[in-house]
Visitor: 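Below: one structure in structure tokens.
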Amino acid sequence: MVDPRLAGYPAAVESPPATGVAALLRRSFEHLADEVPQSYRHLVAELGPLVVEVDVGGELFSVRGRGGLEVADGPSTTADVRIRTSREAVLEVLDAAVGLPQAVEMDRVQVRGELDDVVRAHDALIAYAHAAVRAPSQPGLLTALRDDPGGPR
Amino acid sequence: MNAPAAGLARSDFLRAPVLATARPDGYKEWHHFVVHRPGWRLLVNFNLTSENRLNQAPRLVPRVIVIAHQRRWTGTIGRFDAADLDVAADLGTLSIGGNRLSIGPTGYRVLVDLPERDLRGELYLAPASRPFVVNNQPVGEGRLSWLFVPRLLAYGWFHVDGRDHRLDGEVAYHDHNWGRFRWGDDFGWEWGSVLPASPDDAWSFVFMRMTDRRRLRALSQALYVWRHDEPAAMFRDAAVRVRWAGLLGRSPDCTLPTPMALVLGGEAADVPASIAITAHRSSDAVRAEFRPESYARLAQPSELHLDRSVVLSETSGSARVSGSIDGEALDFVGAGVFELLHG
């Protein structure tokens, strides 16, 4: 059964299955640039020169803005902020089962970096959320994240 | 045919095929139902919103929103593609995927089928009071029209939260809204219905107040009182006074769509502990006090700002109404659902 929220979003339904969070995030950024370009530019501006390394259940990648947003696989030697979490914790926050502050307090999301950089990374995350809730492709990508068997858990 | 439903299909038809086709920018339309059963409330909303996408013609995006309250509000927003939308030629049936709303000569038939969320049901809602229409009210730079039916009787069944609920003549409320405006513009609203616990009680109440976004100015307000199937009194603008008191000391039961909780944050309620409405006109007087008990947040991204959101708090609670209309005293405790929109 196809999730009704996916119906009519061929990019999310017909594309080859993504394997891992980084691949889904890459596709998410591509859709944002296409569907909500103003929000995408706002997100790029919020991230600025920051490099954020993300570890989701052992899957390591980094996010940076170089005119556009880039997702690079593997560890980063130049990361300003490092975030470590699990796929379950990501979904709990997106499902509003746990608030982001509570997830950090419970160590479900660990964040390391200089305070100013952590604040900038947080602002960029909120800008990403604002962009994602305005883009029609994103519910399908969230379902893909939920269902994706490819990434490490 | 029951008398309150007479002419229903002539007044409560889908406007989108005409109005959104002529000028789609900013167009929105929704049908909203609230069913009250002792200890349980159900809100169903069939929603159409015109969305612009880069280098593409605007399109109507359909949604089906279902939230229910037993001990707390839970629910979902089912978003569908434009291809899943169908409006019958007589403008009386709206289909969104497997969900359908039909407006017939004797009432509304609502079919909900959201299998991914284990939500489904079939409702038949028969008007027990005549509908009332208000046209072209300002909302920011836009305009909104609405039709409401203060009281209906609900029959059928609904499956939510893993449980089946049977309905056999429970009281319900309906409104239908359409117009062009932008979420995040300079407006807010408070919109509530109060229905007595017993369907045998004759009185029904609908309250609305349109404000600016900061809720410092009331642009229009009204309290509508129905007795049986007919309007008994309408109090407007200066005849109505509204007083909020305190804050509800609890966080929202849920936020929909759930990712919006990330951008809204916060646990503190922007919902009052009570809303007191007093209205006087000639020898008629009504005092209604609504005491919120819990609420769900339905969030909309602002259409004017990239980093703002609009929150509709669907708030349930009890209401005590007293006063006198046409020399007849009224005094009862009922169920209320108020929608508080904060820009």
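Remember, it's a predicted structure, so these values are computed and weren't measured experimentally. Letters A, B, ... are given to chains in the order of the sequence lines, protein chains preceding strands, and every chain is numbered from 1.
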Visitor: Heavy-atom distances under 4.5 Å only: say whether A:A127 touches chain B with side chain, backbone, both or neither.
Guide: neither
Visitor: For residues A:H42 and B:L306, report the shortest heavy-atom separation together with the two atoms involved.
Guide: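 Minimum heavy-atom contact is CB-CD1, 4.0 Å.
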Visitor: Only pairs of heavy atoms separated by less than 4.5 Å count here; which of A:V133, A:V36, A:L125, A:L100 has the most with chain B?
Guide: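 It is A:V133.
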Visitor: Measuring heavy-atom distances to chain A, does B:R63 have an atom under 4.5 Å in its side chain, in its backbone, in both, or in neither?
Guide: neither
Visitor: Return the minimal non-hydrogen interatomic distance between A:R134 and B:D307, and the atom names on each side.
Guide: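 Shortest heavy-atom separation between A:R134 and B:D307 comes out as NH2-N, 4.3 Å.
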Visitor: Could you check whether atom CD of A:Q110 has more than 12 heavy atoms from other residues, nucleotides or ligands sitting under 6.0 Å from it?
Guide: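 Yes - once you tally the heavy atoms of other residues, nucleotides and ligands closer than 6.0 Å, there are more than 12.
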Visitor: Determine whether more than 12 heavy atoms belonging to other residues, nucleotides or ligands lie under 6.0 Å from atom CD of A:E70.
Guide: yes
Visitor: Using non-hydrogen atoms and a 4.5 Å limit, figure out which bit of B:P257 sits close to chain A: side chain, backbone, both or neither.
Guide: neither
Visitor: To the nearest 0.5 Å, what is the distance between CG on A:D95 and CG on B:L262?
Guide: 11.5 Å
Visitor: Would one find more than 12 heavy atoms of other residues, nucleotides or ligands at under 6.0 Å from atom CZ of B:R100?
Guide: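 No, because the 6.0 Å sphere around CZ of B:R100 holds 12 heavy atoms or fewer from other groups.
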Visitor: So which atom in B:R308 and which in A:H130 form the shortest heavy-atom distance, rounded to 0.1 Å?
Guide: N-CE1, 3.8 Å
Visitor: If you compare all heavy atoms of A:L142 against all heavy atoms of B:P259, which two are closest, and at what distance to 0.1 Å?
Guide: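 Distance-wise, the nearest heavy atoms are CD2-CG, 4.2 Å.
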Visitor: Return yes when atom CG of B:D164 has more than 12 non-hydrogen atoms of other residues, nucleotides or ligands closer than 6.0 Å, and no otherwise.
Guide: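 Yes, enclosed.
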